[in-house]
Amino acid sequence: MNETIEGILSHYSVRDFTDQALTENEIALLVKSAQAASTSSFVQAYSIIGVSDKKLREELSVIAGRQDYVVKTGQFFVFVADLSRHYEIGKARGVDTESLSSVERFLVATVDATLAAQNMAIAAESMGLGICYIGGIRNNLAKVSDLLHIPDYATPLFGLTIGHPTTSSEPKPRLSTDIVYHENQYQPQNMEDFKKYDATIRDYYEARTGGKRVEGWTDQIERGLRHTTRQDIKAFLASKNLGIK
């Protein structure tokens, strides 16, 4: 156990921030930390857009389901799977860029962006800041792409809001390690394996909400399975020349 691991294990999402903006130095350090993440074959297939304009944040907040902490926060970042630079290089060098439209290239860019984001998140928390990932921007990727002027061969993936927390909390209990970690081969699981964790999560929600929310993890997953969402993403990615081959 060390300070870094203690910080990682104490993570919880923050959804209430002060109005205090991050300084230019803080933002620069966070971006540098993101850039230090591993990147597949050094392709660095991602971009980060910092959104400080309040009107833009408000529009993104509406898209994300009216999440106020997209607006009231230190800085809002949007992580982009970005192969547009590679397209420009190929075009300038007279190289066929068809391979950029493959599913593999899109996965590489998505992984690159995600690794960078997690580096930024860990750096932010080590600085005493709070973070929350915002997947809600995928509710309307076309609108987000237009608002942020994202070119072809690139797409927004998720947001990351970072700021000064107004309150503190405790980490939400995760699945037990023996469910997540498999040695040498995958170990099949069924509902019996999830009973203990269901009880843990049920108690967590009940205590956290004063009894307003009482459900297990499998209840939450079942609820999600009953609703199909964001069916337009495949077509949108194709319009950006991503993941179609």
Side-chain angles (χ1 to χ4, degrees), residues 13 30-31 33-51 56-57 59-65 67 70 76-122 131-162 180 182 186 220-221 223-245:
S13 294
L30 289 171
V31 173
S33 296
Q35 288 186 270
S38 297
T39 167
S40 178
S41 300
F42 202 52
V43 296
Q44 302 178 82
Y46 64 92
S47 287
I48 306 167
I49 300 175
V51 183
L56 256 181
R57 284 190 191 176
E59 292 185 81
L60 292 171
S61 174
V62 171
I63 292 169
Q67 299 180 69
V70 169
F76 184 61
F77 301 91
V78 174
F79 281 78
V80 178
D82 190 358
L83 293 167
S84 67
R85 287 188 288 268
H86 304 73
Y87 173 75
E88 292 299 327
I89 292 168
K91 186 172 65 172
R93 297 282 177 88
V95 177
D96 189 346
T97 58
E98 185 176 350
S99 65
L100 294 178
S101 297
S102 71
V103 172
E104 166 62 10
R105 295 277 186 156
F106 176 62
L107 285 175
V108 164
T110 300
V111 172
D112 264 17
T114 305
L115 293 174
Q118 189 61 6
N119 253 32
M120 181 183 282
I122 291 172
I131 73 102
C132 187
Y133 281 97
I134 308 295
I137 67 167
R138 293 193 301 278
N139 290 338
N140 192 337
L141 283 179
K143 182 69 179 294
V144 173
S145 191
D146 286 343
L147 287 172
L148 302 180
H149 302 284
I150 296 173
D152 286 349
Y153 295 97
T155 182
L157 294 172
F158 51 82
L160 181 61
T161 186
I162 299 179
V180 173
H182 306 255
Y186 192 92
Q220 189 173 336
I221 299 304
R223 181 159 39 82
L225 290 172
R226 292 183 181 278
H227 302 281
T228 302
T229 60
R230 302 169 183 164
Q231 292 295 288
D232 60 328
I233 287 181
K234 183 177 180 180
F236 172 76
L237 291 176
S239 77
K240 290 285 192 176
N241 299 311
L242 294 170
I244 56 178
K245 296 183 183 299

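Numbers for residues simply follow the sequence, beginning at 1.
Here the side chain of Ser61 pairs a donor or acceptor atom with the backbone of Gln67 at under 3.5 angstrom. Between the side chain of Asn119 and the backbone N or O of Ser33 there is at least one donor-acceptor pair closer than 3.5 Å. In terms of modelled atom types and a separation under 3.5 Å, the side chain of Ser239 and the main chain of Phe236 share a donor-acceptor contact.
When every heavy atom of Asp112 is checked against every heavy atom of Ser38, the shortest pair comes out as OD1-O, 4.3 Å. Here the closest heavy-atom approach between residue Ala113 and residue Val80 is recorded as CB-O, 4.0 Å. Contact between Ser13 and Cys132 at its shortest, heavy atoms only, is CB-SG, 4.2 Å. Taking every heavy atom of both residues into account, Gly50 and Phe77 meet most closely at CA-CD2, 4.2 Å. When every heavy atom of Ala121 is checked against every heavy atom of Leu160, the shortest pair comes out as N-CD2, 4.3 Å.
A heavy-atom distance below 4.5 Å is not found between the side chains of Asn241 and Thr97. The closest side-chain heavy-atom distance from Arg230 to Asn139 is below 4.5 Å. Looking at Thr39 and Leu115, their side chains never come closer than 4.5 Å, going by heavy atoms from C-beta outward. At least one side-chain heavy atom of Pro156 sits less than 4.5 Å from a side-chain heavy atom of Ile150. Inter-residue side-chain proximity for Val51 and Leu148 is flagged as met; some heavy-atom pair is nearer than 4.5 Å.
At a cut-off of 3.5 Å, with distance as the only test, a side-chain donor of Arg85 or Ser47 sits close to an acceptor on the other residue.
Classification of the Tyr186-His182 ring pair by plane angle, with boundaries at 30° and 60°, yields parallel. Using the six-membered ring where Trp is involved, Phe158 and Tyr133 have ring planes that are perpendicular, over 60° apart on the 30 and 60° scheme.
Atom NZ in Lys240 sits 12.0 Å away from atom CG in Leu83 (nearest 0.5 Å).
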Verify side chain to side chain contact (heavy atoms under 4.5 Å, CB included) between Ile134 and Phe76, making sure each step is shown before the conclusion.
-> CA-CA 10 Å; Ile134 308 295; Phe76 184 61; 3.7 Å; yes
